[in-house]
A.B. asks: 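What follows is a single structure, and I will ask about it in a moment.
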Amino acid sequence: MLLANKTAIVTGSANGIGEAVAHLFSTHGARLLLLDRDEARNAAVASAIAVERGRAIPIALDLRNRPAIDAAVEKGVDEFGAIDILINNAGIYPRQDFMSMTEQQWDEMQDINLKSMFHLTQAVLPGMLSRGAGKIVNISSVTFHLGMASLAHYIASKGGVIGLTRALARELGPHNVYVNCVTPGAILVEAEKAVVTDEQVRAWVDQQSLKRRILPLDIARVCLFLSCELSDGMTGQTLNVDGGWVMY
Ligand SMILES: NC(=O)c1ccc[n+]([C@@H]2O[C@H](COP(=O)([O-])OP(=O)(O)OC[C@H]3O[C@@H](n4cnc5c(N)ncnc54)[C@H](O)[C@@H]3O)[C@@H](O)[C@H]2O)c1
């Protein structure tokens with residue numbers, strides 16, 4: 001039980017990596033505030049956690065909506081007393097060639113993948129600062145290290161996530177608030193089917209050192225490490241969880 005008596009916010013909890021984080025954190029004793037715009041699936045994740053005897057409150061919101069974020073954090077504090085952990089995970093990854101990319105597509109990517117972290121981090125920080133404790137984990141992507149065609153808007157947002165992590169680690173370290181980052185590789189999630197072919201996935205796995213698909217649980221385990229005392233000597237770091245694809 002690495003998170004006993006802790007409360008965690010997980011964004012993008014209705015699917016994929018966020019769903020795995022929610023389940024794993026619950027089995028380690030965390031109370032959860034689950035934020036996602038997919039209301040039905042998010043409620044189903046919270047119900048499944050309740051069946052497992054955990055506590056999870058699902059909140060349906062768009063992470064571009066600051067008043068909704070502030071209200072969600074307030075509800076979490078009312079219900080659970082404080083927010084100890086923030087997992088900034090929600091993100092989108094539609095492909096688009098750069099020359100045909102619209103300003104709207106660019107802005108949507110930055111707003112969901114990066115600016116939402118600005119909003120949510122600002123919303124939870126007053127509590128963390130007043131208690132002199134907090135753990136924040138931001139989800140970036142290994143594509144930042146690789147570069148990849150048709151993902152300029154995505155990779156720019158994910159580079160921003162690493163930059164945000166480093167700057168906040170310096171600013172918040174003196175207050176005992178930790179900020180770290182994970183860069184997942186090609187993770188086996190339902191959503192990948194909309195953007196990549198089986199052939200592309202096989203080519204990526206070929207480039208990994210580990211010749212198996214990396215799972216949402218693999219990412220969740222590293223989020224757990226970065227959210228508990230096992231990582232108390234680290235802040236501002238970016239951990240690559242990609243089956244040994246990129247090494248640096
Ligand atoms: N899957 C991968 O291979 C992979 C690789 C590298 C990085 N990542 C990153 O990991 C994170 C999770 O990815 P995933 O594969 O689990 O995605 P996913 O599509 O399975 O889940 C993302 C969740 O975020 C929610 N979401 C999206 N936009 C939202 C918004 N504006 N407001 C509220 N909720 C919103 C969706 O409803 C969904 O439930 C993302 O940041 C992604 O960029 C994923």
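No hydrogens, no waters, no symmetry mates; every other heavy atom, side chains included, goes into these values. Starting from 1, each residue takes its place in the sequence as its number. For ligands, and for the atoms within them, numbers begin at 1 and follow the listed sequence.
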A.B. asks: If we set the cut-off at 4.0 Å for heavy atoms, which region of Ser116 has an atom near ligand 1: side chain, backbone, both, or neither?
C.D. replies: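 No part of Ser116 comes within reach of ligand 1.
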
A.B. asks: Which of the atoms in ligand 1, numbered in the order shown and given with their element, are less than 4.0 Å from a heavy-atom of Leu63?
C.D. replies: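 Those atoms are 30 (C), 31 (N), 32 (N), 33 (C), 34 (N).
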
A.B. asks: Within the structure, does Ile112 bring an N/O atom to less than 3.5 angstrom of an N/O atom in ligand 1?
C.D. replies: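 Among all N and O atoms of Ile112, none is under 3.5 Å from an N or O of ligand 1.
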
A.B. asks: If we set the cut-off at 4.0 Å for heavy atoms, which region of Ala90 has an atom near ligand 1: side chain, backbone, both, or neither?
C.D. replies: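 Both of them.
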
A.B. asks: Should you measure from each heavy atom of Leu61, which atoms of ligand 1 turn up under 4.0 Å away?
C.D. replies: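 Taking each heavy atom of Leu61 in turn, ligand 1 has 32 (N), 33 (C) under 4.0 Å.
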
A.B. asks: Could you say whether the N/O atoms of Tyr93 and ligand 1 ever approach to under 3.5 Å?
C.D. replies: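 Yes, there is a polar N/O contact under 3.5 Å.
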
A.B. asks: Give yes if a backbone or side-chain nitrogen or oxygen of Val189 is under 3.5 Å from a nitrogen or oxygen of ligand 1, and no if not.
C.D. replies: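 Looking only at distances, the answer is no, because the N/O contact criterion of under 3.5 Å is not met.
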
A.B. asks: Judging by distance only, is a nitrogen or oxygen of Ser13 under 3.5 angstrom from one on ligand 1?
C.D. replies: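 N/O-N/O distance under 3.5 Å: no.
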
A.B. asks: Verify whether one side chain among Ser13 and Asn42 offers a donor that lies under 3.5 Å from an acceptor in the other.
C.D. replies: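 The criterion, which ignores hydrogens and geometry beyond distance, is satisfied for Asn42 and Ser13.
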
A.B. asks: Check whether the side chains of Asn240 and Thr183 place a donor and an acceptor atom closer than 3.5 Å, and report yes or no.
C.D. replies: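 The answer is yes; a qualifying pair exists.
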
A.B. asks: Return yes or no for this condition: an N or O of Ile187 is under 3.5 Å from an N or O of ligand 1.
C.D. replies: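 By distance alone, the answer is yes.
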
A.B. asks: So, is Asn113 polar-close to ligand 1, with some N/O to N/O distance under 3.5 Å?
C.D. replies: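 No; the residue has no nitrogen or oxygen that sits under 3.5 Å from a nitrogen or oxygen of the ligand.
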
